[in-house]
Amino acid sequence: MIRIGDLDIHLINDAVIRADAGGPFGLVPRALWNRTYEHDDQFRIEMHHYCLLVRGAGRTIVVDTGIGNRMPEKVARLMALEHPNGGLLGGLAALGITPQDVDLVINTHLHGDHCGGNTCFAEDGSLLPTFPNAEYWTQRREYADAYLPNERTRGTYYRSNFAPLYESGQMTLIDGEVEVVPGMRCVLTPGHTPAHMSIVFEGGGQSVLYVADMASLAVHFTNLAWMTAYDVEPLITLETKRIWQQWALERDATIIFEHEPLTPVGRLVKGENGKLSLEPIDNAL
Ligand SMILES: [Zn+2]
């Protein structure tokens with residue numbers, strides 16, 4: 001757990017999958033990424049899905065809902081999907097939180113691995129909100145892009161993850177930077193998607209950045225040129241990362257990487273050669 005100001009931040013890993021390395025690494029040669037990440041015999045690497053539970057200011061907030069439990073069996077098998085310790089809902093239960101207790105869910109963007117747990121199946125097969133008493137937030141532009149995807153983006157935008165919530169009035173579309181509670185705000189970090197968000201926490205002289213897919217893995221944050229094949233505006237991702245690298249260095253910020261299997265929490269350090277690396281913070285999980 002990370003405590004910042006009056007807020008407690010828990011990382012809950014919803015899912016572990018094996019992803020074809022072409023996804024997270026795109027144009028980066030295997031000889032380079034392979035120094036850090038091992039692949040299996042199908043050239044897949046492990047990816048995690050750390051959602052946040054934020055408690056404080058009288059609120060119970062979930063940031064991103066992972067892959068969820070509605071993945072078709074064939075796809076789940078292809079990606080060797082596992083939900084460690086019961087995934088997001090199991091992790092919440094271990095902290096004494098029921099789905100009814102959550103009053104706000106924030107989706108950093110609407111790719112299927114960030115909002116798959118927004119909804120669940122009722123016994124009759126209809127869709128229900130997983131968190132019945134929560135308001136759900138995402139950016140208005142992100143919702144528009146997800147609702148009407150193009151040939152490139154439609155592979156990861158599934159209306160079942162968000163449209164029922166908007167139609168029932170449970171989803172609020174936000175515009176630009178928004179304060180969630182004092183010390184926690186949504187910021188726009190475009191590139192992975194045009195209206196992608198990250199989450200900033202500040203308090204008591206400390207800063208925490210939940211990058212979401214601005215940098216899916218730690219190496220994407222330390223290397224400006226490395227980005228996933230899913231980034232729809234890669235050169236904008238690069239400039240966004242340049243700004244937030246600097247922000248993190250100036251504040252010695254704690255950085256949380258949503259998909260990182262090795263060092264999900266760390267801080268940037270600059271070596272004598274000027275090269276950035278990530279120093280793990282192990283006791284944050
Ligand atoms: Zn993702």
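All values below come from the heavy atoms of this structure, side chains included, with hydrogens, waters and symmetry mates left out. Ligands are counted one by one from 1 in listed order, and the atoms in each one are counted from 1 as well.
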Atom of D113 closest to the Zn ion (ligand 1), considering N, O or S atoms: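 Nearest to the Zn ion (ligand 1) within D113's N, O and S set: OD2.
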H259: its N/O/S atom lying closest to the Zn ion (ligand 1) (atom name): NE2
Minimum-distance pair of heavy atoms, taken over all atoms of R59 and V180: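 Heavy-atom minimum between the residues: NH1-O, 4.4 Å.
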Ring-ring centroid check H111 H196, cutoff 6.0 Å: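 No - the distance between ring centres of H111 and H196 does not fall below the 6.0 Å cut-off.
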Metal proximity, H114 vs the Zn ion (ligand 1), N/O/S cut-off 2.8 Å: yes
Metal proximity, D213 vs the Zn ion (ligand 1), N/O/S cut-off 2.8 Å: yes
Pair S216, E258: side-chain N/O donor-acceptor within cut-off below 3.5 Å: no
E73, CD atom: more than 12 neighbouring heavy atoms under 6.0 Å: no
